[in-house]
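Single-structure report; data block below.
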2 protein chains.
Amino acid sequence: MAAQRSVSTAGPKDGAADAPSSARGATRGQVDTAIRAGLLTGRFIPGKAVTIRGLAGELGVSPMPVREVLQRLSAENALEVKSNGRVQVPDMTKDRFDEVVKARLLLEPELAERALSNLSARDVKVLTAIDDDIDQRIVNGDAEAYMRLNHAFHFHLYRASNSKVLLPLIDSLWLQFAPFMRTVYGRVGTASLVDHHKEAIRAIEQQDNQALRDAIAGDIADGMGILGNEILNGT
Amino acid sequence: MAAQRSVSTAGPKDGAADAPSSARGATRGQVDTAIRAGLLTGRFIPGKAVTIRGLAGELGVSPMPVREVLQRLSAENALEVKSNGRVQVPDMTKDRFDEVVKARLLLEPELAERALSNLSARDVKVLTAIDDDIDQRIVNGDAEAYMRLNHAFHFHLYRASNSKVLLPLIDSLWLQFAPFMRTVYGRVGTASLVDHHKEAIRAIEQQDNQALRDAIAGDIADGMGILGNEILNGT
DNA sequence: TAACCAATTTTGTGATCACAAAATGACACG
DNA sequence: CGTGTCATTTTGTGATCACAAAATTGGTTA
């Protein structure tokens, strides 16, 4: 129920959303969402080079829109252009990781607070459904689905803030740690995963500002804490 | 016929500190720094469309690298691609402005703190020189120079943190409010400008963490406060 | 004068090309 | 078995083209 993959809707609704299917940047939009989704679910391995022609072939488009999207994602620090022009998913280092955690802890509770008053009972239902789905995926060990749903949970919440500044910043952060997250789950599995989603949902129901901030902060601290331990073993 | 490889137009004009002139993305780097500098000093007017071929002509390059840079800057929310494909400097709204201020107040003191221990006496001299220059420009009413130097002051400080995550986020924020800042200075002049740079320098000399955070936060609050008042009158 | 419409120009987009630099592989030599 | 060297292939980059959509212009009419 999350990704509206518009296949049949002929309505040329603009919306300026993620992927306009018949607007001016149609192909670029498709390529962008495809690669973004790939990054967020860990289908790209850090350190592995990603080639323009390769992606263009996979997606069945010309190299041109891929070039632009790769530049775009590089500007968001989701990808890295090395000095020889090759583009790759950046390797995670301890310093980078600590900065990402710090930035998430500063920005995400703030955005959650701004979203709180806009969240309705319908949103609570959506979030609960996503969270229930997450619990299923964790026991099943489906890491890719877990990452997609966890992202959906957080961003359904954040999007309610109607933010045009903070949200893109957080978007950039998620794109940066997601690929690394995936490699860790590949090593340690999904069994040890914990989250504070239920506390967040309860806080929303009660419109409790501080409780929501604490739930988000706790969710970040715990979730990233698991990753943080692994980074020391890996390198 | 075609395939005329540019024989003469490939003048190896180096000098850009940020963009290597003989590396793989030479022209793109030049275009990028040029447009970025233009945005930070307010040479682009919000709402005014910026065309690929136009910029390519001004910079004496083919449309190709300009296209990529424009996509890049759009991904950083420094530019905005409208539904018809046109690219323009986004208009500033009150909501957007409030978010930028909030994000700056959250991130920049943090980055200043991380930079503090890396700042030497030589950095103090550099910052002092920049600040003295700023005072000159304010009385002279040179808004463009002021903006360039104010940016130089803050980012010389922040760059000392060696940050690879927070710094790009702050970069994006500056690109977003700078063009709007320029239009305000064009209306009210630079006489009323105040900053907390000297307090920041003193805090660095004394390695006083909290004092530096306060100075940066105060600098942001005061500087953006002036802009904040104007946004209500303008629209 | 203001509003409407058709012709013209401008603009973004996707595709393809040519070229240089880099990566890759093959192979001889120590 | 390792190592350096050379040919081949891959890859990013900048340029150009063709096309559709959008903006602009110019003229006409009410």
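Here is how names work: the chains are called A, B, and so on, in the same order as the sequence lines, proteins then strands, and each is numbered from 1. All figures in this text were calculated on a predicted structure; none of them were measured in a lab. The figures here come from the full heavy-atom set of this structure, side chains too, leaving out hydrogens, waters and symmetry mates.
Spacing between atom CD of B/Gln71 and atom P of C/dT11 amounts to 17 Å, rounded to whole angstrom units. Residue B/Leu55 contributes atom CG, which lies 15 Å from atom C1' of C/dT10 at whole-angstrom precision.
Annotation: side chain of A/Ile52 is not in contact with side chain of A/Val87 (no heavy-atom distance under 4.5 Å). Under the 4.5 Å side-chain criterion, counting only non-hydrogen atoms from C-beta, A/Leu111 is not in contact with A/Ile216. Proximity of A/Glu76 to A/Arg36: side-chain heavy atoms (C-beta onward) are separated by under 4.5 Å at one or more points.
A/Val81 comes within 4.0 angstrom of no nucleic acid atom, judged by non-hydrogen atoms across all strands.
Residues A/Arg28 and A/Arg67 both approach DNA chain C. Their nearest nucleotides, taken by heavy-atom distance, put A/Arg28 toward the 5′ side.
Annotation: A/Tyr158 is in aromatic contact with A/Phe155 [ring centroid separation under 6.0 Å].
Look at A/Asp98 and A/Lys102 and you find no salt bridge, because none of the NZ, NE, NH1 or NH2 atoms lies under 4.0 Å from a carboxylate O.
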- List the protein contact pattern of nucleotides 19-25 of chain D with one symbol per nucleotide (5' to 3'): B for base contact, S for sugar-phosphate-only contact, - for none; contact means a heavy-atom distance under 4.0 Å. -B-SS--
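Ring geometry, B/Tyr185 versus B/Tyr146: the interplanar angle exceeds 60°, so the pair is classed perpendicular (tilted spans 30 to 60°).
The side chain of A/Ser62 contributes no N or O atom lying less than 4.0 Å from OP1 or OP2 of C/dG14.
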